[in-house]
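This is a predicted model, so every value here is computed, not measured. We name chains A, B, ... by the order of the sequence lines, and we start the count at 1 in each one. Below, each value reflects all heavy atoms present in this structure, side chains not excepted, and no hydrogens, waters or symmetry copies.
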There are 2 protein chains.
Amino acid sequence: MNKRSGIESKKRIIDAALRLFSEYGYSKASMRMIANAAGISIGGLYLHFKNKDELYLTLMKSKMDDFAGRTMDSVKDIADPAEAINAFMTVTLDYAKKHKGLILLQGRELGFTFGLEMKRKFFKKQRGIIEDIIRCGIRTGIFRKVNVRETAKIIFSVIRGFVLSIVVEPNALFSPEECGSLILNGLLKRDGK
Amino acid sequence: MNKRSGIESKKRIIDAALRLFSEYGYSKASMRMIANAAGISIGGLYLHFKNKDELYLTLMKSKMDDFAGRTMDSVKDIADPAEAINAFMTVTLDYAKKHKGLILLQGRELGFTFGLEMKRKFFKKQRGIIEDIIRCGIRTGIFRKVNVRETAKIIFSVIRGFVLSIVVEPNALFSPEECGSLILNGLLKRDGK
DNA sequence: AGTTCACATGAACAAACGTTCAGGTATAGA
DNA sequence: TCTATACCTGAACGTTTGTTCATGTGAACT
(Lines give C-alpha, C1' and ligand atoms only; values in the text may rest on other atoms or scores of the structure.)
Protein backbone atom coordinates (compact mmCIF):
# COMPACT_ATOMS: atom_id res chain seq x y z
CA MET A 1 0.00 0.00 0.00
CA ASN A 2 2.75 2.34 -0.99
CA LYS A 3 3.37 5.29 -3.26
CA ARG A 4 0.31 7.44 -2.87
CA SER A 5 -0.28 10.90 -4.13
CA GLY A 6 0.83 12.85 -1.09
CA ILE A 7 -2.09 15.23 -0.94
CA GLU A 8 -4.42 12.30 -0.92
CA SER A 9 -2.57 10.81 2.01
CA LYS A 10 -2.78 14.10 3.83
CA LYS A 11 -6.49 14.16 3.21
CA ARG A 12 -6.93 10.66 4.53
CA ILE A 13 -4.98 11.61 7.62
CA ILE A 14 -7.17 14.62 8.25
CA ASP A 15 -10.30 12.56 7.84
CA ALA A 16 -9.05 9.89 10.21
CA ALA A 17 -7.83 12.45 12.72
CA LEU A 18 -11.15 14.25 12.77
CA ARG A 19 -12.95 10.99 13.35
CA LEU A 20 -10.65 9.81 16.10
CA PHE A 21 -10.19 13.13 17.87
CA SER A 22 -13.96 13.41 17.87
CA GLU A 23 -14.53 9.98 19.29
CA TYR A 24 -11.74 9.80 21.82
CA GLY A 25 -10.60 13.35 22.46
CA TYR A 26 -7.22 14.86 21.90
CA SER A 27 -5.31 12.94 24.53
CA LYS A 28 -6.81 9.54 24.02
CA ALA A 29 -6.59 9.55 20.25
CA SER A 30 -3.00 8.51 19.73
CA MET A 31 -0.86 9.18 16.69
CA ARG A 32 -0.65 5.44 16.16
CA MET A 33 -4.43 5.12 16.03
CA ILE A 34 -4.68 7.99 13.59
CA ALA A 35 -1.94 6.59 11.39
CA ASN A 36 -3.63 3.22 11.45
CA ALA A 37 -7.04 4.58 10.54
CA ALA A 38 -5.52 6.61 7.73
CA GLY A 39 -3.76 3.56 6.33
CA ILE A 40 -0.32 5.06 6.75
CA SER A 41 2.66 4.35 8.98
CA ILE A 42 3.53 6.36 12.06
CA GLY A 43 6.57 7.75 10.37
CA GLY A 44 4.54 8.66 7.33
CA LEU A 45 2.19 10.65 9.47
CA TYR A 46 5.04 12.81 10.67
CA LEU A 47 5.94 13.43 7.07
CA HIS A 48 2.75 15.41 6.62
CA PHE A 49 2.37 17.02 10.03
CA LYS A 50 5.31 17.95 12.14
CA ASN A 51 3.58 16.98 15.39
CA LYS A 52 0.26 16.25 17.08
CA ASP A 53 -0.50 19.86 17.93
CA GLU A 54 -0.09 20.95 14.35
CA LEU A 55 -2.35 18.19 13.14
CA TYR A 56 -5.04 19.19 15.59
CA LEU A 57 -4.81 22.89 14.81
CA THR A 58 -4.82 22.39 11.05
CA LEU A 59 -7.93 20.31 11.43
CA MET A 60 -9.70 22.86 13.57
CA LYS A 61 -8.79 25.83 11.48
CA SER A 62 -10.00 24.41 8.18
CA LYS A 63 -13.27 23.09 9.54
CA MET A 64 -14.08 26.24 11.44
CA ASP A 65 -13.43 28.42 8.44
CA ASP A 66 -15.80 26.27 6.44
CA PHE A 67 -18.42 26.50 9.18
CA ALA A 68 -18.17 30.27 9.46
CA GLY A 69 -18.37 30.72 5.71
CA ARG A 70 -21.55 28.75 5.37
CA THR A 71 -23.46 30.44 8.16
CA MET A 72 -22.41 33.82 6.87
CA ASP A 73 -23.62 33.03 3.36
CA SER A 74 -26.97 31.81 4.51
CA VAL A 75 -27.88 35.07 6.18
CA LYS A 76 -26.26 37.78 4.11
CA ASP A 77 -29.15 38.52 1.76
CA ILE A 78 -32.19 38.12 3.94
CA ALA A 79 -33.77 41.51 4.47
CA ASP A 80 -36.25 40.73 7.28
CA PRO A 81 -34.39 40.58 10.62
CA ALA A 82 -36.84 38.15 12.20
CA GLU A 83 -36.42 35.85 9.27
CA ALA A 84 -32.65 36.30 9.40
CA ILE A 85 -32.53 35.28 13.05
CA ASN A 86 -34.50 32.20 12.19
CA ALA A 87 -32.28 31.41 9.24
CA PHE A 88 -29.09 31.84 11.21
CA MET A 89 -30.48 29.60 13.91
CA THR A 90 -31.60 26.92 11.50
CA VAL A 91 -28.46 26.88 9.41
CA THR A 92 -26.16 26.83 12.40
CA LEU A 93 -28.01 24.12 14.23
CA ASP A 94 -28.44 21.99 11.13
CA TYR A 95 -24.78 22.32 10.31
CA ALA A 96 -23.88 21.36 13.86
CA LYS A 97 -26.13 18.34 13.73
CA LYS A 98 -24.70 17.22 10.43
CA HIS A 99 -21.10 17.70 11.50
CA LYS A 100 -21.13 16.19 14.94
CA GLY A 101 -17.49 15.30 14.50
CA LEU A 102 -16.36 18.88 14.31
CA ILE A 103 -18.63 19.86 17.15
CA LEU A 104 -17.36 17.14 19.40
CA LEU A 105 -13.85 18.04 18.54
CA GLN A 106 -14.33 21.67 19.27
CA GLY A 107 -16.43 21.25 22.36
CA ARG A 108 -14.11 18.80 23.91
CA GLU A 109 -10.76 19.81 25.32
CA LEU A 110 -12.27 23.13 26.23
CA GLY A 111 -9.53 24.48 28.39
CA PHE A 112 -6.98 23.80 25.73
CA THR A 113 -4.55 26.61 25.86
CA PHE A 114 -3.31 26.27 22.32
CA GLY A 115 -6.59 26.31 20.43
CA LEU A 116 -8.36 28.89 22.52
CA GLU A 117 -7.46 32.08 20.71
CA MET A 118 -8.66 30.68 17.41
CA LYS A 119 -11.95 29.59 18.92
CA ARG A 120 -12.53 32.96 20.52
CA LYS A 121 -12.07 34.70 17.21
CA PHE A 122 -14.54 32.32 15.63
CA PHE A 123 -17.15 32.93 18.30
CA LYS A 124 -16.70 36.68 18.11
CA LYS A 125 -17.27 36.64 14.39
CA GLN A 126 -20.41 34.55 14.71
CA ARG A 127 -21.74 36.79 17.44
CA GLY A 128 -21.05 39.77 15.25
CA ILE A 129 -23.45 38.43 12.64
CA ILE A 130 -26.22 38.16 15.17
CA GLU A 131 -25.53 41.64 16.49
CA ASP A 132 -25.90 43.07 13.00
CA ILE A 133 -29.23 41.37 12.56
CA ILE A 134 -30.52 42.68 15.87
CA ARG A 135 -29.36 46.21 15.17
CA CYS A 136 -31.12 46.07 11.84
CA GLY A 137 -34.26 44.83 13.55
CA ILE A 138 -34.25 47.66 16.05
CA ARG A 139 -33.53 50.28 13.41
CA THR A 140 -36.45 49.16 11.29
CA GLY A 141 -38.70 49.12 14.36
CA ILE A 142 -39.43 45.42 14.27
CA PHE A 143 -37.54 44.50 17.43
CA ARG A 144 -37.80 45.96 20.89
CA LYS A 145 -34.97 48.23 21.97
CA VAL A 146 -32.97 45.52 23.67
CA ASN A 147 -29.34 45.65 24.64
CA VAL A 148 -27.78 44.49 21.39
CA ARG A 149 -24.57 42.96 22.71
CA GLU A 150 -26.23 41.21 25.62
CA THR A 151 -28.99 39.82 23.47
CA ALA A 152 -26.56 38.57 20.88
CA LYS A 153 -24.64 36.81 23.61
CA ILE A 154 -27.80 35.15 24.83
CA ILE A 155 -28.87 33.99 21.39
CA PHE A 156 -25.40 32.73 20.72
CA SER A 157 -25.55 30.93 24.02
CA VAL A 158 -28.66 29.08 22.91
CA ILE A 159 -26.75 27.89 19.90
CA ARG A 160 -23.78 26.91 21.98
CA GLY A 161 -26.05 25.04 24.33
CA PHE A 162 -27.70 23.22 21.46
CA VAL A 163 -24.33 22.22 20.19
CA LEU A 164 -23.40 20.86 23.58
CA SER A 165 -26.68 19.00 23.70
CA ILE A 166 -25.78 17.19 20.52
CA VAL A 167 -22.96 15.62 22.41
CA VAL A 168 -24.57 14.94 25.73
CA GLU A 169 -28.20 14.27 24.89
CA PRO A 170 -28.53 13.66 21.15
CA ASN A 171 -32.14 12.60 21.48
CA ALA A 172 -33.17 15.57 23.57
CA LEU A 173 -32.71 18.20 20.91
CA PHE A 174 -35.18 20.97 20.28
CA SER A 175 -36.29 22.14 16.86
CA PRO A 176 -34.65 25.27 15.44
CA GLU A 177 -38.07 26.59 14.43
CA GLU A 178 -39.52 26.36 17.92
CA CYS A 179 -36.39 28.02 19.18
CA GLY A 180 -36.65 30.92 16.77
CA SER A 181 -40.23 31.35 17.80
CA LEU A 182 -39.40 31.52 21.49
CA ILE A 183 -36.62 34.02 20.96
CA LEU A 184 -38.86 36.22 18.84
CA ASN A 185 -42.11 35.98 20.79
CA GLY A 186 -41.03 35.21 24.32
CA LEU A 187 -42.86 33.16 26.86
CA LEU A 188 -45.37 35.65 28.18
CA LYS A 189 -48.78 36.01 26.62
CA ARG A 190 -49.17 38.90 24.22
CA ASP A 191 -51.57 41.65 25.27
CA GLY A 192 -53.66 41.38 22.17
CA LYS A 193 -53.89 37.62 22.00
CA MET B 1 3.66 14.52 57.33
CA ASN B 2 2.28 11.22 58.42
CA LYS B 3 -0.62 9.77 60.36
CA ARG B 4 -3.57 11.84 59.30
CA SER B 5 -7.22 11.27 59.95
CA GLY B 6 -8.11 9.36 56.82
CA ILE B 7 -11.26 11.23 56.00
CA GLU B 8 -9.28 14.42 56.02
CA SER B 9 -6.82 12.94 53.57
CA LYS B 10 -9.66 11.85 51.36
CA LYS B 11 -11.04 15.37 51.46
CA ARG B 12 -7.70 16.87 50.52
CA ILE B 13 -7.47 14.43 47.63
CA ILE B 14 -10.90 15.39 46.35
CA ASP B 15 -10.05 19.06 46.56
CA ALA B 16 -6.80 18.60 44.72
CA ALA B 17 -8.37 16.35 42.12
CA LEU B 18 -11.14 18.83 41.38
CA ARG B 19 -8.59 21.58 40.96
CA LEU B 20 -6.29 19.58 38.72
CA PHE B 21 -8.95 17.84 36.65
CA SER B 22 -10.47 21.25 36.08
CA GLU B 23 -7.24 22.85 35.02
CA TYR B 24 -5.74 20.08 32.95
CA GLY B 25 -8.58 17.72 32.05
CA TYR B 26 -8.95 14.09 32.93
CA SER B 27 -6.12 12.72 30.83
CA LYS B 28 -3.53 15.35 31.51
CA ALA B 29 -4.04 15.50 35.24
CA SER B 30 -1.98 12.55 36.39
CA MET B 31 -2.39 10.60 39.57
CA ARG B 32 1.08 11.75 40.57
CA MET B 33 0.12 15.39 40.22
CA ILE B 34 -3.03 14.87 42.23
CA ALA B 35 -1.17 12.99 44.95
CA ASN B 36 1.42 15.72 45.07
CA ALA B 37 -1.11 18.52 45.30
CA ALA B 38 -2.96 16.65 48.03
CA GLY B 39 0.22 16.19 50.02
CA ILE B 40 0.05 12.43 49.89
CA SER B 41 2.05 9.68 48.22
CA ILE B 42 0.94 7.89 45.07
CA GLY B 43 0.38 4.71 46.99
CA GLY B 44 -1.62 6.56 49.60
CA LEU B 45 -3.91 7.90 46.92
CA TYR B 46 -4.81 4.38 45.89
CA LEU B 47 -5.64 3.64 49.49
CA HIS B 48 -8.60 6.00 49.26
CA PHE B 49 -9.68 5.48 45.65
CA LYS B 50 -9.27 2.23 43.88
CA ASN B 51 -8.42 3.88 40.55
CA LYS B 52 -8.55 7.07 38.52
CA ASP B 53 -12.03 6.47 37.17
CA GLU B 54 -13.47 6.03 40.63
CA LEU B 55 -11.83 9.21 41.82
CA TYR B 56 -13.28 11.14 38.91
CA LEU B 57 -16.76 9.72 39.29
CA THR B 58 -16.88 10.26 43.04
CA LEU B 59 -15.93 13.85 42.46
CA MET B 60 -18.57 14.41 39.80
CA LYS B 61 -21.33 12.72 41.68
CA SER B 62 -20.92 14.64 44.89
CA LYS B 63 -20.60 18.02 43.22
CA MET B 64 -23.52 17.47 40.88
CA ASP B 65 -25.78 16.39 43.70
CA ASP B 66 -24.89 19.55 45.54
CA PHE B 67 -25.60 21.63 42.45
CA ALA B 68 -28.98 20.00 41.80
CA GLY B 69 -30.04 20.41 45.40
CA ARG B 70 -29.34 24.11 45.47
CA THR B 71 -31.15 25.00 42.28
CA MET B 72 -34.13 22.94 43.36
CA ASP B 73 -34.33 24.69 46.71
CA SER B 74 -34.17 28.13 45.19
CA VAL B 75 -37.26 27.64 43.06
CA LYS B 76 -39.54 25.41 45.04
CA ASP B 77 -41.54 28.05 46.85
CA ILE B 78 -41.87 30.78 44.28
CA ALA B 79 -45.49 30.99 43.14
CA ASP B 80 -45.19 33.26 40.10
CA PRO B 81 -43.92 31.25 37.12
CA ALA B 82 -42.24 34.20 35.45
CA GLU B 83 -40.42 34.95 38.64
CA ALA B 84 -39.53 31.29 39.05
CA ILE B 85 -37.98 31.16 35.59
CA ASN B 86 -35.92 34.18 36.47
CA ALA B 87 -34.89 32.70 39.79
CA PHE B 88 -33.90 29.39 38.27
CA MET B 89 -31.86 31.19 35.67
CA THR B 90 -30.14 33.45 38.14
CA VAL B 91 -29.34 30.78 40.67
CA THR B 92 -28.06 28.35 38.09
CA LEU B 93 -25.89 30.86 36.30
CA ASP B 94 -24.54 32.32 39.51
CA TYR B 95 -23.71 28.90 40.82
CA ALA B 96 -21.97 28.04 37.59
CA LYS B 97 -19.97 31.23 37.68
CA LYS B 98 -18.95 30.63 41.27
CA HIS B 99 -17.95 27.03 40.69
CA LYS B 100 -16.01 27.26 37.50
CA GLY B 101 -13.98 24.28 38.54
CA LEU B 102 -16.91 21.94 38.52
CA ILE B 103 -18.18 23.39 35.28
CA LEU B 104 -14.87 22.99 33.55
CA LEU B 105 -14.61 19.49 34.83
CA GLN B 106 -18.05 18.55 33.64
CA GLY B 107 -17.91 20.35 30.33
CA ARG B 108 -14.58 18.95 29.44
CA GLU B 109 -14.20 15.33 28.48
CA LEU B 110 -17.66 15.46 26.99
CA GLY B 111 -17.68 12.21 25.13
CA PHE B 112 -16.60 10.32 28.17
CA THR B 113 -18.40 7.07 28.11
CA PHE B 114 -18.20 6.39 31.78
CA GLY B 115 -19.65 9.59 33.17
CA LEU B 116 -22.35 10.12 30.60
CA GLU B 117 -25.26 8.29 32.16
CA MET B 118 -24.87 10.23 35.37
CA LYS B 119 -24.76 13.51 33.52
CA ARG B 120 -27.87 12.67 31.51
CA LYS B 121 -29.81 11.95 34.64
CA PHE B 122 -28.71 15.25 36.09
CA PHE B 123 -29.78 17.17 33.02
CA LYS B 124 -33.12 15.43 32.87
CA LYS B 125 -33.85 16.36 36.44
CA GLN B 126 -32.93 19.99 35.86
CA ARG B 127 -35.06 20.13 32.73
CA GLY B 128 -37.93 18.64 34.70
CA ILE B 129 -37.88 21.62 37.04
CA ILE B 130 -38.19 24.03 34.14
CA GLU B 131 -40.98 22.01 32.58
CA ASP B 132 -42.95 22.21 35.81
CA ILE B 133 -42.60 25.95 35.92
CA ILE B 134 -43.73 26.33 32.32
CA ARG B 135 -46.71 24.05 32.81
CA CYS B 136 -47.72 26.09 35.82
CA GLY B 137 -47.36 29.28 33.80
CA ILE B 138 -49.61 27.98 31.04
CA ARG B 139 -52.19 26.65 33.45
CA THR B 140 -52.50 30.00 35.21
CA GLY B 141 -52.74 31.78 31.87
CA ILE B 142 -49.55 33.78 32.24
CA PHE B 143 -47.57 32.04 29.53
CA ARG B 144 -48.46 31.38 25.93
CA LYS B 145 -49.48 27.84 25.06
CA VAL B 146 -45.99 26.74 23.99
CA ASN B 147 -44.73 23.22 23.59
CA VAL B 148 -43.61 22.55 27.13
CA ARG B 149 -40.92 20.00 26.48
CA GLU B 150 -39.40 21.85 23.55
CA THR B 151 -39.39 25.14 25.39
CA ALA B 152 -37.80 23.60 28.45
CA LYS B 153 -35.09 22.17 26.23
CA ILE B 154 -34.44 25.56 24.74
CA ILE B 155 -34.26 27.31 28.07
CA PHE B 156 -32.01 24.64 29.39
CA SER B 157 -29.89 25.08 26.33
CA VAL B 158 -29.39 28.73 27.13
CA ILE B 159 -28.13 27.71 30.51
CA ARG B 160 -25.87 25.09 29.04
CA GLY B 161 -24.52 27.61 26.59
CA PHE B 162 -23.86 30.09 29.35
CA VAL B 163 -21.99 27.46 31.24
CA LEU B 164 -19.89 26.72 28.20
CA SER B 165 -19.23 30.41 27.75
CA ILE B 166 -17.76 30.56 31.21
CA VAL B 167 -15.04 28.29 29.99
CA VAL B 168 -14.43 29.66 26.53
CA GLU B 169 -15.14 33.35 26.86
CA PRO B 170 -15.29 34.32 30.53
CA ASN B 171 -15.51 38.01 29.73
CA ALA B 172 -18.29 37.64 27.19
CA LEU B 173 -20.97 36.59 29.65
CA PHE B 174 -24.46 37.97 29.61
CA SER B 175 -26.47 38.92 32.67
CA PRO B 176 -29.02 36.43 33.98
CA GLU B 177 -31.58 39.20 34.30
CA GLU B 178 -31.33 40.27 30.70
CA CYS B 179 -31.61 36.66 29.72
CA GLY B 180 -34.74 36.09 31.75
CA SER B 181 -36.23 39.17 30.14
CA LEU B 182 -35.52 37.95 26.61
CA ILE B 183 -36.98 34.54 27.30
CA LEU B 184 -40.11 36.05 28.80
CA ASN B 185 -40.70 38.93 26.41
CA GLY B 186 -39.07 37.84 23.18
CA LEU B 187 -37.40 40.01 20.64
CA LEU B 188 -40.39 41.31 18.69
CA LYS B 189 -42.08 44.52 19.66
CA ARG B 190 -45.25 44.11 21.67
CA ASP B 191 -48.44 45.28 19.95
CA GLY B 192 -49.38 47.64 22.74
CA LYS B 193 -46.01 49.21 23.24
C1' DA C 1 4.86 -4.30 76.44
C1' DG C 2 2.96 -6.36 72.82
C1' DT C 3 -0.34 -6.78 69.19
C1' DT C 4 -3.28 -4.88 65.94
C1' DC C 5 -4.80 -1.94 62.52
C1' DA C 6 -5.51 2.07 59.77
C1' DC C 7 -2.77 5.01 57.20
C1' DA C 8 1.28 6.05 54.52
C1' DT C 9 5.46 5.48 51.61
C1' DG C 10 7.99 5.35 47.01
C1' DA C 11 10.61 2.06 44.17
C1' DA C 12 9.16 -0.89 40.60
C1' DC C 13 6.46 -2.53 36.47
C1' DA C 14 4.30 -3.01 32.19
C1' DA C 15 2.08 -0.45 28.87
C1' DA C 16 1.44 3.43 26.03
C1' DC C 17 2.75 7.77 24.57
C1' DG C 18 4.93 11.34 20.97
C1' DT C 19 8.69 11.54 18.19
C1' DT C 20 12.92 10.28 15.45
C1' DC C 21 15.67 8.05 12.13
C1' DA C 22 18.15 4.90 9.18
C1' DG C 23 16.59 2.82 5.60
C1' DG C 24 13.29 1.19 1.57
C1' DT C 25 10.54 1.68 -2.79
C1' DA C 26 8.11 3.32 -6.68
C1' DT C 27 7.87 6.97 -10.03
C1' DA C 28 9.81 10.73 -13.23
C1' DG C 29 13.32 12.69 -15.93
C1' DA C 30 18.09 12.02 -17.85
C1' DT D 1 19.75 2.29 -17.14
C1' DC D 2 20.97 5.42 -13.77
C1' DT D 3 19.85 9.15 -10.58
C1' DA D 4 16.96 12.17 -8.20
C1' DT D 5 13.00 12.78 -5.78
C1' DA D 6 8.88 12.12 -3.14
C1' DC D 7 6.67 9.15 -0.39
C1' DC D 8 6.68 5.70 2.91
C1' DT D 9 8.16 2.15 6.68
C1' DG D 10 8.51 0.39 11.51
C1' DA D 11 11.96 -0.56 15.04
C1' DA D 12 13.79 2.15 18.57
C1' DC D 13 14.14 5.87 22.22
C1' DG D 14 13.12 8.34 26.16
C1' DT D 15 9.11 9.73 28.91
C1' DT D 16 5.22 9.31 31.27
C1' DT D 17 1.28 6.86 32.48
C1' DG D 18 -1.90 4.06 35.91
C1' DT D 19 -1.29 0.73 39.21
C1' DT D 20 0.91 -2.59 42.60
C1' DC D 21 3.43 -4.06 46.52
C1' DA D 22 6.75 -4.87 50.08
C1' DT D 23 7.67 -2.14 53.74
C1' DG D 24 7.13 1.34 57.35
C1' DT D 25 4.91 4.03 61.17
C1' DG D 26 2.24 5.67 64.93
C1' DA D 27 -1.77 5.45 67.76
C1' DA D 28 -5.20 2.49 70.30
C1' DC D 29 -6.54 -1.57 72.75
C1' DT D 30 -5.34 -5.87 75.44
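- A salt bridge links B:K61 with B:D65: the closest approach of a Lys/Arg side-chain nitrogen to an acidic carboxylate oxygen falls below 4.0 angstrom.
- A straight line from CG of A:N36 to P of D:dC8 spans 15 Å, rounded to a whole angstrom.
- When the side-chain contact (heavy atoms from CB on, under 4.5 Å) test is applied to A:T58, the partners found at least two apart in sequence or on another chain are A:F49, A:E54.
- Applying the side-chain contact (heavy atoms from CB on, under 4.5 Å) test to A:R19 and every residue at least two apart in sequence or in another chain returns A:A37.
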Below 3.5 Å between N/O atoms, which protein atoms pair up with nucleotides 11-16 of chain D? Just atom names and distances, please.
from, atom 1, to, atom 2, distance (Å)
D:dA12, N6, A:R32, NH2, 3.4

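- Between the side chains of A:T90 and A:E177, no donor-acceptor pair is found at a separation under 3.5 Å.
- As a whole-Å value, the separation of A:Y24 OH from C:dA16 P is 14 Å.
- Atom pair A:N51:CG and C:dT19:C1' shows a separation of 9 Å (rounding to whole Å applied).
- B:V91 and B:I133 sit in two unconnected hydrophobic clusters of ILVMFWY residues. Membership requires side-chain heavy atoms under 4.5 Å apart, directly or through other members.
- In this structure, the NZ atom of B:K28 is 10 Å from the P atom of C:dG18, given to the nearest Å.
- Between D:dG10, D:dT19, C:dT9, one nucleotide has an atom nearer to the side chain of B:I40 than all others, and that is C:dT9.
- For the helix from C:dG2-D:dC29 to C:dA30-D:dT1, the end axes, each set by the C1' atoms of five terminal pairs, are bent relative to each other by 20° (nearest 10°).
- For B:D73, the salt bridge (Lys or Arg N to Asp or Glu O under 4.0 Å) test picks out B:K76, with sequence neighbours left out.
- When hydrophobic clusters are built by joining Ile, Leu, Val, Met, Phe, Trp and Tyr residues whose side-chain heavy atoms come closer than 4.5 Å, directly or via intermediates, B:I14 is not grouped with B:L47.
- In this structure, A:K10 places its NZ atom 12 Å from P of D:dC8, rounding to the nearest Å.
- Every residue meeting the ring-ring contact (aromatic ring centres under 6.0 Å, His included) condition with A:F156, not counting sequence neighbours, appears here in chain and number order: A:F123.
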